[in-house]
There are 2 protein chains.
Amino acid sequence: MSDSSDVLRASIGLAVSTVIFALRDAEGDTSGPAVGTDAPATVWLPLVRRIREPQCGRWALPGGMVELDESLEGAARRNLAETTQLEPAYLEQLYAFGDVDRSPDRRLVSIVYWALVRPDEAERLTLGENVQWFPADELPELAFDHNLIVDYALWRLRTKMEYSAIAHAFLGDEFTLAELRGVYEAVLQKPLDPANFRRQMESSGAIEPTGGVVTGGRHRPPKLYRYTGDVQLVDAGPLTPRISA
Amino acid sequence: MSDSSDVLRASIGLAVSTVIFALRDAEGDTSGPAVGTDAPATVWLPLVRRIREPQCGRWALPGGMVELDESLEGAARRNLAETTQLEPAYLEQLYAFGDVDRSPDRRLVSIVYWALVRPDEAERLTLGENVQWFPADELPELAFDHNLIVDYALWRLRTKMEYSAIAHAFLGDEFTLAELRGVYEAVLQKPLDPANFRRQMESSGAIEPTGGVVTGGRHRPPKLYRYTGDVQLVDAGPLTPRISA
DNA sequence: CCAAAAGTGTTCATTCTACACCCATGG
DNA sequence: CCATGGGTGTAGAATGAACACTTTTGG
């Protein structure tokens, strides 16, 4: 091998991976409202099968190397688009994993992001032999330390759901309170009181009625709501300079 | 230059930096209890002056490159010991900063940690022309994006102080409730009701009386407490596998 | 009219907050 | 005995959980 290859092998490789969450019903069908229906929605994530050593054949998080001229988040978005065609509604850095022995080949540090996609966006994932949705709670043994990473991402999703306003990243622009509550129930895996949930949401100032209602159900038509944007969605502190929506 | 140097320049450099917090009184003296005295303690952090380009002369966070055979946290601890002689009581990953233009020289990604040190440990910092304590709220213009990083670390410290039990990392093994309250007041920058603070701490199960008291004050001798360890200090979820003290 | 989900009202328990008050020590 | 901070008690506000009850639609 050439000199440059040896030098590269002697440097630390920098990669990004992303844990992508979407809500789908128990059978794995994202068509339809996905929440608010009879079947309780659950958290799913897409994985890709490794087609080269090391760990060839194992399922893994989508990701790849960071290019010299792209930011970390940019690299995450590019890899996401390339391997899954997904453009997440929410994307946040999770953690940098860099244990010496986490990759058997060369030394690799992975900046891991986590993402939320809307149901309609989740449809764009081109399924195949090497790309597949998995329920977040019953994953196979993944490549490298990816099981640990998914556990951590799930924990972050659940804790952040309790004090932040990220739930809308699972929904479209307009939604009913039942749909929003369905998101919370699916992620937190526990039923919520509809009456109290309504009051908490309304008093938070995070949502406002659009004026529209949903007709067609065999019951009282629910109002539609949208997010006001008044409430800061996340808590990244001095980071995320107000934009990023 | 040789071929290997060009290749290295064409790869992404991986560094670690650490934001180190300690409590010192307004004049910057860490001798004595540092909290619980008359002068209200404030948050300080040590910076090192850059002695080479780029940004030569500017104050910056202590840090350095990650070696091939050390973990990210290990690299943070080593750089801390080498540049400041400090061994923090608490050390946690903060964020990975990797914007393309954050370093004018080569492409550099920094995994940033934040740390808390005890007052006696803070004494070990060997001050000099190029190593100095600064009050966290009135920093000069730092090198690179380090002002943003410190702001973020300060925000994390303050938010985490409200729901976690990290305050003891600023104190010794034994402490009075007034000292512990002093830590909270210094970090959160607001006075706390002694009576309510006592009840909250006692009911949390995080502390227990040692049986000892502090005599010598011109008032009723306060009891000494220690942390029980029953309460998980931090909230890193699936990470931090129970050990790490 | 009936079933079902939307939406409102009310009660009770828990927690937070403010502040009055007593205790123990040094001077 | 007095000043000072340590420590306890308690009333009112605020929040949250539980659940009864009314409203509006399709069938």
Side-chain angles (χ1 to χ4, degrees), chain A residues 32-41 159 161-165 171 174-186 188-226 231, chain B residues 25 32-41 159 161-164 171 174-186 188-226 231:
Chain A
V35 285
T37 57
D38 298 317
T159 54
M161 185 77 73
E162 305 210 57
Y163 66 88
S164 180
L171 297 171
E174 299 195 343
F175 48 85
T176 67
L177 277 171
E179 288 171 339
L180 184 60
R181 180 164 49 86
V183 172
Y184 278 82
E185 291 179 337
L188 301 180
Q189 294 178 304
K190 66 179 179 186
L192 298 175
D193 185 304
N196 296 332
F197 181 81
R198 162 181 301 277
R199 271 186 292 262
Q200 288 167 14
M201 282 299 146
E202 282 175 340
S203 68
S204 76
I207 62 174
E208 64 185 4
T210 67
V213 294
V214 178
T215 56
R218 66 188 65 180
H219 51 74
R220 179 171 173 175
K223 292 186 201 165
L224 281 170
Y225 290 82
R226 74 169 72 90
V231 174
Chain B
D25 60 32
V35 286
T37 58
D38 299 316
T159 54
M161 185 76 73
E162 304 210 58
Y163 66 88
S164 179
L171 297 172
E174 299 194 342
F175 47 86
T176 66
L177 277 170
E179 288 172 338
L180 184 61
R181 179 164 48 85
V183 172
Y184 278 82
E185 290 179 337
L188 301 180
Q189 295 178 305
K190 66 179 179 186
L192 298 175
D193 186 305
N196 297 331
F197 181 81
R198 161 181 302 277
R199 271 185 293 261
Q200 288 169 10
M201 283 298 145
E202 283 174 340
S203 69
S204 75
I207 61 173
E208 64 184 3
T210 66
V213 294
V214 178
T215 56
R218 66 188 66 179
H219 49 75
R220 178 172 173 175
K223 291 186 202 167
L224 281 169
Y225 290 81
R226 73 169 71 90
V231 174

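All values reported here derive from a predicted model rather than from experimental measurement. What's counted below: heavy atoms across the whole structure, side chains too, no hydrogens, waters or symmetry copies. Quick note on labels: first sequence line is chain A, next is B, and so on, each numbered from 1.
To the nearest angstrom, P of dC16(C) lies 14 Å from CZ of Phe197(B). Note: CD (Glu202(A)) to C1' (dG7(C)) measures 9 Å, nearest angstrom. If you take NZ of Lys190(A) and C1' of dA18(D), they are 14 Å apart, rounded to a whole angstrom. With rounding to whole Å, Tyr163(A) atom OH is found 20 Å from dG16(D) atom C1'. Atom CG in Leu177(B) sits about 22 Å away from atom P in dT4(D), given to the nearest Å.
Closest approach of Ala186(A) to Ala41(A), counting heavy atoms only: CB-O, 3.1 Å. When all heavy atoms of Met201(A) and Ile207(A) are compared, the closest pair comes out as CB-CD1, 3.7 Å.
Residue-to-nucleotide proximity on DNA chain C shows that, of Asn196(A) and Pro222(A), the 5′-proximal contact is made by Pro222(A). Comparing Asp193(A) and Lys223(B), the nucleotide of DNA chain D nearest to each residue sits closer to the 5' end for Lys223(B). Across the interface with DNA chain D, nearest-nucleotide mapping of His219(A) and Pro221(B) shows Pro221(B) to be the residue nearer the 5′ end.
A donor N or O paired with an acceptor N or O is not found under 3.5 Å between the base of dT25(D) and the side-chain atoms of Arg218(A). The base of dG9(C) sits with one of its N or O atoms less than 3.5 Å from a complementary donor or acceptor on the side chain of Arg199(A).
Contact check, Arg198(A) against dG7(C): a side-chain N or O comes under 4.0 Å of OP1 or OP2. For the OP1/OP2 pair of dA17(D) and a distance below 4.0 Å, the side-chain nitrogens and oxygens of Gln200(A) include at least one atom meeting the criterion.
The closest side-chain donor-acceptor pair between Tyr225(B) and Glu202(B) falls under 3.5 angstrom.
For Ser164(B) (side chain) and Met161(B) (main-chain N/O), no donor-acceptor pair under 3.5 Å exists by modelled atom type.
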